[in-house]
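A short worksheet on the structure shown next.
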Amino acid sequence: MDYPFKSIEKKWQKIWEDKRIFYVSESSEKPKYYILSMFPYASGVLHMGHISNYSISDALVRYKIMNGYNVLQPMGYDAFGLPAENYAIENNSHPRITTENNAKIMDEQFKQVGFGYDWNRKISTCEPEYYKWNQWFFLKMYEKGLVYRKKSYVNWCPDCRTVLANEQVEDGKCWRCGTEVSQKEMEQWFIKITNYAEELLDQSQLQYWPERVKIMQKNWIGKSYGTEIFFKMVDSGERIDVFTTRADTIFGCTYIVLAPEHPLVHKLIQNNSYKGKIEKFIHRVINESKIVRSAEDNVKEGIFTGQYAINPVNNENVPIYIANYVLMEYGTGAIMAVPAHDQRDFEFAKKYNLPMKIVIQNKDRSLDLKTMTSAYVEEGVLVNSAQFDGMNNIKAIKSISEWMESEKIGKMTISYRLRDWGISRQRYWGTPIPIIRCPKCGDVPVPEKDLPVELPFNVEVGKTRQNPLKSVPEFVHTTCPKCGGYAERETDTMDTFFDSSWYYVRYADPHNHNMPFDSKKANYWVPVDQYIGGIEHATMHLLYVRFFHKFMRDLGMVNSDEPCIRLLTQGMVTKDGAKMSKSKGNVVDPQYIIDQYGADTVRVFMLFSSPPDKDKEWKDESVKGASRFLNRVWRLIDEQKDFLKSVHQDYDKNANISSELKKLRYSTHFTIKKVTEDIEERMQFNTAIAAIMQHLNNIQSYYIIDENDSTEIAIYKEAIEIIPYLLVPFAPHISEELWQMLGHKKILLETEWPKYEPEFLKTEEITYVIQINGKLRSKITVSADSDEDLVKEKALANYKIQKYITGKEIIKIIVVPNKLVNIVSK
RNA sequence: GCGAAAGUGGCGGAAUUGGCAGACGCGCUGGACUUAGAAUCCAGUUCUGGAAACAGAGUAGGGGUUCAAGUCCCCUCUUUCGCACCA
């Protein structure tokens, strides 16, 4: 009943493998093209999202190969990480064992779908051969001063028992397990990604990236221009710097606020008789989980320190508060409060009965503190601001800042929302951070020659609440590379985003034992020409990769500025309107579908259902539709293959043929054009497939008049043969098989992508739409060489049109060449 | 709150530069084949009226520009996503 997809798919997978179609090297005359899909987490099963993602890249790969490119498409596994460790704990196994098993299963599944990978380049991030270079890069960063260790409050997931980067906290919850994240003070390793903030903000080489991703990155980095203003404490004279973007309101400052984590806080409250009470407050706020503290409706709370500071612009004494709404991580961790012109300060001042001072007046209505119900944040003119009175407040930002700089009471600065990248994880299954802690010498980097610092295998995972590495003496106990004395190893492992930040270059030279990769090979393949992956990585992975690339460039290892030229963020696969997930119970196992309909059907369904960057709603019926289409193609060719095999393709192109036959030929060449442009220019596979379906319909509504007419048969054959050709990127197995059935020896992947003949897209007759006042009223067909006047004449003469225009005044007639005539009448 | 994207038949979607709205597919309706079902094939399928020809309405809603608007402009609504006390 169905075409024999099982045997065909196996057959062609073997042929591609035997012919080494997807195995590539740098020694090629052809131009290179590097297509990369984000590698999967080694979870042990391919889900529909993977199939969807990889079907897109595989279609492009085949298209590019046929267009004469040396195409690299590698595959590997993101193999380290928490879920693997947790999975192993649950199953009483070891993550190395479960991960290796998972990878094997996934290898098989990949092969079953027939994706064309260069398997020689497979990498797995949990191999010492790979993570050795993570450590190497870490040491290089250390050398360059990009690594530091700092005690800080970090996002702590109590369930995963590890630290999370800010990016890994979603709505105050752990991005992996959904547990509410709390704050914990810990020593952590950080990478100074902020050193590259300015460069990461430069998106000039990302013109082929989705706007959405670029905006998200820009917001994430969050650059703002502002001013640091130097307050002094009345008692000790110690400086407190505050950051503001609203220097224009400095004269309206009535108090200043420190974040509870601010380093000066302890000193400030030393002699306060309420010290205990204040400390209690600080303690409470700090331990409050982020979600509570940052919630929109969280009540602003604060406490007076008992101390005052001097506002440097007017020498006024202002009280110093500590409050929950000031963040240590942004700016200087201290703010000046201008309640009259900042909503947050306004709310706080109202609550604690603090004074307010208007320093910006509205031109039309005069503001009054007694009647104000919210802060005035609009434009206006400065008042109560000494020599700046009367100045427009926007202009005053600069003027006041410059003045403060010259008075040495402030300086203009730039502040970023982006924080440094905390890479420490307190778990076993990751790259050990190559640092040795010596009681004498402090933190000493592991010498390069001693890499890799191997992750010990014999570890009891999940037995203790602490990092299992801590309980492996062979790992922890070591000697200091500097002084030779007893020392202990760092037991933190790296965030797995470190692993995935440079894997795309490793693919260029995956077996290098001396270096992460050879620069020559890297520069041949990199940057990636087309990168494909999920939008969820917009501010995580995609920011880290860009950072890493620039770092590698600064080391002289790559000669480009960005890791990838084109980026496609594919949509997710949904069912019943929601993302497929176990908890929702709406998961469809690709394996089942492949068994039932074959890999080509699944691919066609995925690519046909919507454009690649849109979500794909899974519908069992639509899968049947994709299968039905492939079966129709199969039957058409299967029934006619013997007849067509005997037909000569060549024919006299100038021969006089029927208009029906011309239409068929037109359809063939039009479809080539359409499919080519849809792939090449728009990456829109759904319309490309629709065009092929349309062409199939056109063929099936054509009836051969004379089986002995060699011209007719040749054109008919051409129409049919183009189908496997154009279908091969989307349904590679069936297309190759059909092509062979039609008697061809060379496989499609070894032939060139077809070209359309512009001559055949010209038609002798053109149908014009005739509108009257913009409304469609009739259609006429004229010969293609008709000039505008003739078209007008015929349009007016049309009997349906006559009905509408008799007795009416024609004001003008618009003719759009080859398209329509619009008659404007009254 | 800020930023972004989107809103088109019963459904997924198409309409690429302002020029025939609904390509293609699903579903549905009727028919053919069949003892029957499945599969397949044929016809139809935006809505309203009509047997039909045809007419009218129609791309979230309202307004505007234009000979012509799904497409451009303004306002409103809804949905999704991102950020969110960032001073």
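Note that the structure is predicted; figures quoted are calculated from it, not measured. Values reported hereafter were calculated over all heavy atoms of this structure, with side chains retained and with hydrogens, waters and symmetry mates removed.
When distances run from any side-chain atom of A:Tyr804 to the nucleotides B:C20, B:A55, B:A87, the shortest one goes to B:A55. Of the candidate nucleotides B:C83, B:A87, B:C41, B:A87 has the atom lying nearest to any side-chain atom of A:Val326. Checking B:C20, B:C24, B:C83 against every side-chain atom of A:Lys779, the shortest atom distance belongs to B:C20. Set against B:G19, B:G25, B:C83, the side chain of A:Ile814 has B:G19 as its closest nucleotide. Minimum atom distance to the side chain of A:Pro611 is reached by B:A14, of the listed B:A87, B:G82, B:A14. For A:Asn822, the listed nucleotide lying nearest its side chain is B:G19; candidates were B:G19, B:A14, B:C85. Taking the side chain of A:Gln771 as heavy atoms from C-beta on, and the options B:C85, B:G56, B:C20, the nearest nucleotide is B:C20. For A:Arg682, taking side-chain heavy atoms from C-beta onward, the closest of the listed nucleotides B:A23, B:C67, B:A15 is B:A15. Listed nucleotides B:C24, B:C20, B:U40 differ in distance to A:Arg635; the shortest reach to its side chain belongs to B:U40.
Centroid-to-centroid, the aromatic rings of A:Tyr255 and A:Phe348 come within less than 6.0 Å.
Remark: side-chain polar atoms of A:Gln343 are paired, donor with acceptor, to backbone N or O of A:Ala375 under 3.5 angstrom. Under the 3.5 Å distance criterion, the side-chain polar atoms of A:Glu765 are left unmatched by any main-chain donor or acceptor of A:Ala784. Distance alone, capped at 3.5 Å, places no donor-acceptor pair between the A:His537 side chain and the A:Thr569 backbone.
With a cut-off of 3.5 Å on both pairing distances, B:G50 has no Watson-Crick or G-U wobble partner at all. Using Watson-Crick or G-U wobble geometry with both donor-acceptor distances under 3.5 Å, B:G22 finds no partner in any strand shown. In a base pair of the Watson-Crick type (N1 to N3 plus N6-O4 or O6-N4) or a G-U wobble (N1-O2 and O6-N3), with each distance short of 3.5 Å, B:C41 is matched with B:G31. Both distances falling under 3.5 Å, in either a Watson-Crick or a G-U wobble arrangement, occur for no nucleotide opposite B:G70. Pair assignment for B:G9: none, as no Watson-Crick or G-U wobble contacts are both less than 3.5 Å. Across all strands shown, B:C81 forms a Watson-Crick or G-U wobble pair, both distances under 3.5 Å, with B:G3. Base pairing of B:A60 is made with B:U76, judged by Watson-Crick or G-U wobble geometry with both donor-acceptor distances under 3.5 Å.
Around the NZ atom of A:Lys351, the shell of radius 6.0 Å holds more than 12 heavy atoms that belong to other residues, nucleotides or ligands. Within 6.0 Å of NZ on A:Lys223 lie more than 12 heavy atoms contributed by other residues, nucleotides or ligands.
Note on A:Thr767: nothing from the nucleic acid sits closer than 4.0 angstrom, heavy atoms only. Residue A:Asn697 is classed as a sugar-phosphate contact, given heavy-atom separations below 4.0 Å to backbone atoms only. Within 4.0 Å of A:Asn686, counting heavy atoms only, lie sugar-phosphate atoms of the nucleic acid but no base atom. At the heavy-atom level, A:Lys214 lies nowhere under 4.0 Å from the strands shown. Looking at heavy-atom distances under 4.0 Å, A:Phe670 makes no contact with the nucleic acid at all.
Whole-Å rounding puts the A:Gln343 CD to B:A87 P distance at 15 Å. For the pair A:Glu617 CD and B:U80 C1', the computed distance is 14 Å after rounding to whole Å. One interatomic measurement links the two molecules: CE of A:Met216 to P of B:A84, which rounds to 11 Å at whole-angstrom precision. Atoms CD (A:Glu677) and C1' (B:U17) sit 13 Å apart, rounded to a whole Å. Remark: C1' of B:G12 and CH2 of A:Trp618 are 13 Å apart, rounded to the nearest angstrom. Remark: P of B:U16 and CD of A:Gln684 are 10 Å apart, rounded to the nearest angstrom. Rounded to whole Å, atom C1' of B:G12 lies 13 Å from atom CD1 of A:Ile689. One can place NZ of A:Lys674 at 10 Å from P of B:A14, the figure rounded to the nearest angstrom.
Side-chain contact between A:Tyr325 and A:Val285 is absent, with no heavy atoms from C-beta onward closer than 4.5 Å. Between A:Leu726 and A:Lys674, the closest side-chain pair of non-hydrogen atoms is not below 4.5 Å. Here the side chains of A:Asn698 and A:Tyr666 are not in contact, with every heavy-atom distance at 4.5 Å or above.
Under the 30°/60° scheme for interplanar angles, the aromatic rings of A:Tyr352 and A:Tyr321 are found to be tilted. Between A:Phe497 and A:Tyr544, the ring planes lie tilted relative to each other; the angle falls in the 30° to 60° range.
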Give every pair of a protein N or O atom and an N or O atom of nucleotides 26-32 of chain B that lie under 3.5 Å apart, one pair per line with the distance.
unit_1: B:C26; atom_1: OP1; unit_2: A:Arg628; atom_2: NH1; d: 2.7
unit_1: B:G27; atom_1: OP2; unit_2: A:Arg628; atom_2: NH1; d: 3.3

Set out, line by line, the N/O atom pairs under 3.5 Å between protein and nucleotides 3-10 of chain B.
none

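Taking the P atoms as reference points, B:A4 lies 15 Å from B:U76, given to the whole Å. With both ends at atom C1', the span from B:U17 to B:A68 equals 15 Å, rounded to whole Å. Taking atom C1' in both B:G70 and B:A60, the straight-line distance is 12 Å, to the nearest Å. Here the separation of B:C75 from B:G10, taken at their C1' atoms, is 32 Å to the nearest Å. Straight-line distance between the P atoms of B:C47 and B:A23: roughly 12 Å, to the nearest whole Å. On the C1' atoms, B:G27 is 34 Å away from B:G62, given to the nearest whole Å.
In terms of position on RNA chain B, the residue among A:Glu347 and A:Val769 whose nearest nucleotide sits closer to the 5' end is A:Val769. Comparing A:Ser415 and A:Phe608 by the nucleotide of RNA chain B that holds the closest heavy atom to each, the one mapping nearer the 5' end is A:Phe608.
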Derivation and outcome, side-chain hydrogen bond (donor to acceptor under 3.5 Å, both in side chains), residues A:Glu680 and A:Tyr63: CA-CA 9 Å; A:Glu680 185 78 42; A:Tyr63 173 80; 2.6 Å; yes
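In terms of polar N and O atoms assigned as donor or acceptor, the side chain of A:Lys812 never comes within less than 3.5 Å of the base of B:C67 in a complementary pairing.
The side chain of A:Thr687 places no N or O atom within less than 4.0 Å of a non-bridging phosphate oxygen (OP1 or OP2) of B:G13. Close to B:A55, at under 4.0 Å from its OP1 or OP2, lies no side-chain N or O of A:Lys775. Phosphate proximity of B:A87 to A:Tyr330: present, with a side-chain N or O under 4.0 Å from OP1 or OP2.
Residues meeting the salt bridge (Lys or Arg N to Asp or Glu O under 4.0 Å) test with A:Arg212, sequence neighbours left out: none.
Glycosidic conformation, B:G7: anti, with the torsion outside 90° of 0.
With hydrogens and angles left out, the side-chain atoms of A:Gln183 and A:Asn155 include a donor and acceptor closer than 3.5 Å.
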